[in-house]
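For ligands, and for the atoms within them, numbers begin at 1 and follow the listed sequence.
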Amino acid sequence: MPFNELGLSDKVLSAVADAGYTEPTPIQAQAIPHVLARRDVLGLAQTGTGKTAAFTLPMLTLLEQGRARARMPRTLILEPTRELAAQVEENFVKYGKNHKLNVALLIGGVSFGDQDAKLLRGVDVLIATPGRLLDHVERGRLLLSGIEILVIDEADRMLDMGFIPDIERVCKLVPFTRQTLFFSATMPPEIQRLVSQFLSNPVQIEASRPSSTASTITQLLVASGKEDYEKRETLRTLINGSENLQNGIIFCNRKRDVAVVHKSLQRHGFKVVALHGDMDQRSRMQALDAFRTGEANLLVASDVAARGLDIPAVSHVFNYDTPHHAEDYVHRIGRTGRAGRAGVAYTIVTPSDSKSLAAIEKLIGRAIDWKEGSSLDTLPASEPRSRGGRDKEKRGGREERRGARPARRRDGAERVAVVDEPEEAVVAAPAAVPAAKPARRRKDAEPSQGTTANPRERKEKAPPAPPRAPVTPLTHRRSERAPVDEPADTSHLPAFLLRPVKIKAG
Ligand code: ADP
Ligand code: MG
């Protein structure tokens with residue numbers, strides 16, 4: 001079905017033609033007529049299926065009637081991260097080039113004053129991350145009582161990031177009669193609850209079974225020893241052996257590993273950039289640009305940092321870590337095999353990943369093949385070197401006893417210890433207070449938002465966090481650089497732990 005049979009306005013159709021789109025994607029073809037008919041829509045479709053245009057195009061058409069008033073936006077789009085919000089804005093600019101609409105972005109990391117000035121002028125489309133939005137509302141700078149259309153995008157990611165209470169609040173602040181468009185790749189129970197509470201008789205559209213993975217993706221498992229250096233070596237072998245590699249995203253479970261893997265690949269001469277929650281907005285955008293233009297053909301990222309980013313035509317996904325949350329697997333490999341293109345997704349699996357792997361296979365409803373010749377059973381035993389490391393750490397217990405900060409392990413033990421920590425929090429508070437951290441709650445979208453906007457605090461009323469340990473001990477500078485294939489990243493260890501230790505026999 002061509003775009004011009006969906007009921008879109010001429011202005012929109014002409015912009016779509018200029019963008020080079022010839023046919024709507026299935027979710028677009030199904031959703032657009034209902035959005036234009038002012039129905040609530042629940043859109044379930046995996047990443048990369050074109051959900052953004054499924055709501056931006058009909059919204060532009062609907063917005064041609066009427067005008068915005070100061071501080072009272074007409075439509076509101078909620079996105080879990082700044083990058084996604086910025087991408088949606090780009091979509092409005094691209095498809096709205098024949099319109100004279102005011103589009104404003106309310107995201108962390110951008111000056112409050114500039115955003116406020118825009119709101120005062122009146123906006124037709126407000127794109128926001130939940131925390132920053134509520135900041136503006138709480139300061140009385142923004143009224144949500146004029147909202148005609150509310151879009152909740154990437155709802156499952158909102159859930160992961162702890163934004164559900166914020167979303168509930170926003171839903172109660174917008175008029176009861178608004179139209180709601182709700183998009184998600186997966187449909188966990190919490191999301192289901194939100195939908196039944198805040199959508200009114202929605203049309204449900206499924207572009208493909210939720211949590212299924214695109215059939216154009218070749219998925220393969222690769223066995224590896226569990227030590228970091230072994231995994232990095234496995235990764236390099238995979239990259240080098242990938243004949244049709246045009247560009248690839250390498251996913252790590254933890255932010256710390258993003259930095260380590262990035263550095264390591266750089267040292268090995270790969271053209272690689274990284275994306276994680278600690279980077280400021282500018283460096284993130286720079287990294288993304290380098291990846292989009294092909295200046296770098298590899299991107300190392302954490303789940304939160306990469307969720308939903310519009311990076312077309314990724315040929316390969318490498319899961320440096322088997323994801324702990326099965327749904328992350330679906331999102332990660334959704335970065336490839338887009339728009340019918342073939343893609344390859346490799347997942348590095350160590351002997352301690354069997355539970356995570358089982359959960360993934362259960363979610364996607366099938367077993368994933370092992371790469372030819374690869375198997376956990378035939379793995380060579382880990383080198384004794386790692387055991388030495390463990391001993392060394394035991395001897396470094398002095399710090400621990402002083403209660404300063406436990407030495408972080410560089411062996412598999414750490415993996416177990418931090419498995420359930422929110423990935424983005426790991427570096428900021430190294431191993432200091434694992435017990436205080438809720439599972440499955442991450443936050444990197446809006447580091448600069450006010451305290452009241454912190455979903456974790458709102459929801460949990462957690463006791464005040466203990467003082468955070470510094471990222472790097474003051475006495476220790478990042479070592480100038482160990483040879484490339486050392487068992488690795490030692491930068492997190494206090495210097496005395498790195499001194500050779502004589503172990504007495506017996
Ligand atoms: P989702 O939100 O479902 O993850 P996006 O809206 O980000 O997906 O779109 C994914 C990619 O598909 C983007 O690069 C977008 O430009 C492209 N795209 C969207 N609609 C079409 C279309 N009708 N034809 C071709 N490409 C499209
Ligand atoms: Mg999207």
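- Only one option out of N91, L57, I77 pairs with T52 in a side chain to side chain contact (heavy atoms under 4.5 Å, CB included); it is N91.
- Proximity of F3 to ligand 1, defined as any heavy-atom pair under 4.0 Å, is confined to the side chain (atoms from C-beta onward).
- Inclusion of D153 in the first shell of the Mg ion (ligand 2) is not supported: no N, O or S atom falls under 2.8 Å.
- Less than 4.0 angstrom separates some heavy atom of T52 from each of these atoms of ligand 1: 2 (O), 5 (P), 6 (O), 7 (O).
- By the 3.5 Å distance cut-off applied to N or O atoms, T49 is counted among the residues near ligand 1.
- A salt bridge does not link R169 with D166: none of the charged nitrogens is closer than 4.0 Å to a carboxylate oxygen.
- Between K51 and D153, none of the side-chain N atoms (NZ, or NE/NH1/NH2) sits under 4.0 Å from a carboxylate O, so this pair counts as no salt bridge.
- Below 3.5 Å of separation, one finds an N or O of G50 facing an N or O of ligand 1.
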Would F318 and H316 satisfy ring pair (Phe, Tyr, Trp, His ring centres under 6.0 Å), going step by step from the backbone distance to the final call?
CA-CA 7 Å; F318 301 94; H316 284 64; 5.7 Å; yes

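- Taking only nitrogen or oxygen atoms, main chain and side chain alike, E23 reaches within less than 3.5 Å of ligand 1.
- Ion pair R74/E148 flagged as a salt bridge, since at least one NZ, NE, NH1 or NH2 atom sits closer than 4.0 Å to an Asp/Glu carboxylate oxygen.
- Ligand 1 has no nitrogen or oxygen under 3.5 angstrom from a nitrogen or oxygen of Q87.
- Electrostatic pairing of R193 and E168 counts as a salt bridge here, judged by a charged N lying under 4.0 Å from a carboxylate O.
- Note on E154: its N/O/S atom closest to the Mg ion (ligand 2) is OE2.
- No side-chain donor from either of Y95 and E90 sits under 3.5 Å from a side-chain acceptor of the other.
- Each of the atoms 20 (N), 21 (C), 22 (C), 23 (N) of ligand 1 lies under 4.0 Å from some heavy atom of T25.
- Heavy atoms of P24 approach ligand 1 to within less than 4.0 angstrom.
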